[in-house]
Amino acid sequence: MARRRQIYEGKAKVLFEGPEPGTLVQYFKDDATAFNNKKKGTITGKGVLNNRISEFLMMRLGEMGIPTHFIRRLNMREQLIRQVEIIPVEVVVRNVAAGSLSQRLGLPEGSALPRSIVEYCYKNDDLDDPLVAEEHVTAFGWATPQELDEILSLALRINDYLSGLFYATGLRLIDYKLEFGRLWENDQMRIVLADEISPDSCRLWDVKTNEKLDKDRFRRDLGSVEEAYQEVARRLGILPESGPTDAPGTETLQ
Ligand code: TMP
Ligand code: ASP
């Protein structure tokens, strides 16, 4: 394959210049980090599975009228996406207490929340993505009040849809993180869902047993990490037949 210009390398993905202007290729790595890079490891086959899982979820959301950056999956580890201007705010949606919310407010993990809660974090690795208020987002110009309204409305629609979709597969969507970007088309700007949705960015618990089937297995050294990602893909009906490996001959467009 011809060498491509790398645009950006993140902790779990690499972005390359795409084949047409305004497009990028998003490559999913097996690298896993937690606690803002303090813990590092590899989850074998994760990139292949997250590429498929994120493709599946972005496509379903697109069908529901949620605009996304996703265009199509290219191969086992890559997808073609629209180039967007990422808004430097991580949008965390919570349905059940867990993780940093449980720690911050002393809520037992798994306790019901009175309603879904949306939190904003400033996307800045040097500062460990601190929790911020809407006021900070608009005062510092990371997003305008109108953009933030649109982001909140999209995040709540996404939450309703994804909660139902996962529940139908026996998974409870505990919480997750979304990123949004500005997409420019003929002087018009739209807010679209960007980045990925996968067990890296969601907490997913089995409805019956509360078994964790997400990156918390890696963060907390619970074991069976690869199996958890495979199980999520299997429940969504998208586990690659050949298993989560880079099988030869899969670099074709689908
Ligand atoms: P938290 O409880 O650690 O704040 O995480 C909330 C959700 O956001 C959880 O599903 C994991 C996800 N998340 C990310 O995708 N990236 C991050 O950097 C962090 C801190 C959380
Ligand atoms: N994604 C963050 C990191 O790479 C934090 C996390 O997911 O726990 O460290």
Side-chain angles (χ1 to χ4, degrees), residues 8-15 26-43 46-47 49-51 53-54 57-58 69 86-113 116-133 136-137 142 151-152 154-156 158-159 162-163 165-167 171-181 193-206 210-222 225 228-229 231-232:
Y8 174 81
E9 175 154 18
K11 295 189 283 275
K13 296 188 291 297
V14 186
L15 294 177
Q26 179 164 252
Y27 175 95
F28 287 76
K29 303 190 274 187
D30 284 350
D31 297 353
T33 66
F35 316 115
N36 198 21
N37 238 346
K38 289 178 197 73
K39 177 176 174 132
K40 291 189 180 124
T42 302
I43 303 174
K46 172 173 83 81
L49 291 166
N50 280 359
N51 187 22
I53 294 169
S54 200
L57 297 173
M58 291 271 181
H69 73 162
I86 289 287
I87 292 171
V89 175
E90 300 197 338
V91 179
V92 174
V93 184
R94 301 182 183 273
N95 297 309
V96 174
S100 68
L101 178 70
S102 287
Q103 283 192 341
R104 211 183 313 133
L105 301 184
L107 300 169
E109 281 215 317
S111 48
L113 296 173
S116 299
I117 292 174
V118 179
E119 296 175 344
Y120 305 108
C121 296
Y122 177 39
K123 194 172 151 61
N124 184 319
D125 279 344
D126 293 340
L127 301 174
D128 279 352
D129 299 342
L131 182 70
V132 293
H136 300 104
V137 175
W142 301 325
I151 286 170
L152 177 61
L154 288 170
L156 294 174
I158 292 168
N159 192 41
L162 288 188
S163 295
L165 183 149
F166 278 116
Y167 197 80
L171 291 169
R172 185 167 288 129
L173 180 58
I174 302 296
D175 57 32
Y176 55 97
K177 184 261 301 181
L178 300 172
E179 293 187 25
F180 293 89
L193 178 64
D195 194 48
E196 69 177 286
I197 307 179
S198 73
D200 268 13
S201 58
C202 300
R203 285 196 175 91
L204 298 163
W205 295 1
D206 182 85
N210 281 340
E211 185 189 5
K212 297 182 197 312
L213 294 168
D214 55 60
K215 198 165 109 179
D216 269 351
R217 299 205 74 82
F218 168 79
R219 294 190 188 97
R220 302 178 188 192
D221 295 320
L222 299 176
V225 185
Y229 283 69
E231 179 62 14
V232 172

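Residue numbers count from 1 along this sequence. Just so you know, ligand 1 is whichever comes first in the structure, and atom 1 is the first atom listed for that ligand.
With rounding to the nearest 0.5 angstrom, the NZ atom of K123 is 6.5 Å from the CD1 atom of I86. Expressed to the nearest 0.5 Å, how far CG of L165 lies from CG of L57 amounts to 6.5 Å.
Of the protein's non-hydrogen atoms, K177 CB, 3.5 Å is the one closest to atom 8 (O) of ligand 1. With respect to atom 8 (O) of ligand 2, the closest heavy atom belonging to the protein is R219 NE, 2.6 Å. Considering only non-hydrogen protein atoms, atom 4 (O) of ligand 1 sits nearest to S100 OG, 2.6 Å. Atom 4 (O) of ligand 2 has T33 OG1, 2.2 Å as its closest protein atom, hydrogens excluded (heavy atom only).
Remark: side-chain polar atoms of K215 are paired, donor with acceptor, to backbone N or O of T33 under 3.5 angstrom. Distance alone, capped at 3.5 Å, places no donor-acceptor pair between the D128 side chain and the P130 backbone. Remark: side-chain polar atoms of T42 are not paired, donor with acceptor, to backbone N or O of D31 under 3.5 angstrom.
Here D175 has heavy atoms under 4.0 Å from ligand 1 in both its backbone and its side chain. By the criterion of a heavy-atom distance under 4.0 Å, the side chain of K215, and not its backbone, is placed next to ligand 2. Contacts with ligand 1 closer than 4.0 Å are made by no heavy atom of S102, backbone or side chain. Contacts between N37 and ligand 2 below 4.0 angstrom, taking non-hydrogen atoms only, involve the backbone exclusively. No part of K39 comes within 4.0 Å of ligand 2, judged by heavy-atom distances. Within the 4.0 Å heavy-atom criterion, the part of D200 lying near ligand 1 is the backbone and not the side chain.
Comment: R203 does not engage D214 in a salt bridge, judged by the lack of any side-chain N to carboxylate O separation of less than 4.0 angstrom. One finds a salt bridge joining E109 and K212 here, because a Lys/Arg side-chain nitrogen approaches an Asp/Glu carboxylate oxygen to under 4.0 Å. Between D221 and K39 there is a salt bridge, with a side-chain nitrogen of the basic residue lying less than 4.0 Å from a carboxylate oxygen of the acidic one.
With no hydrogens or angles considered, a side-chain donor-acceptor pair links R94 and S100 at under 3.5 Å. Side-chain atoms of N159 and N95 form a donor-acceptor pair, as typed in the model, at a separation below 3.5 Å.
In summary, of the residues considered (L131, V92, L113), a side-chain contact (heavy atoms from CB on, under 4.5 Å) with L101 occurs for L113 alone.
Counting heavy atoms only, R203 comes closest to atom 5 (O) of ligand 1 of the residues R203, K215, R219. Looking at E90, R94, E109, it is E90 that brings a heavy atom closest to atom 17 (C) of ligand 1.
Residue E119 places no heavy atom under 4.0 Å from ligand 1.
Of all atoms in ligand 2, listed by their number and element, those nearer than 4.0 Å to a heavy atom of K11 are 3 (C), 4 (O), 9 (O). Counting atoms of ligand 1 from 1 in the listed order, those under 4.0 Å from a heavy atom of V92 are 6 (C). Taking every heavy atom of G99 and a limit of under 4.0 angstrom, the matching atoms of ligand 1 come to 2 (O). Distances below 4.0 Å separate heavy atoms of N36 from the following atoms of ligand 2: 3 (C), 5 (C), 9 (O).
Within 4.0 Å of atom 19 (C) of ligand 1, not a single protein heavy atom is present.
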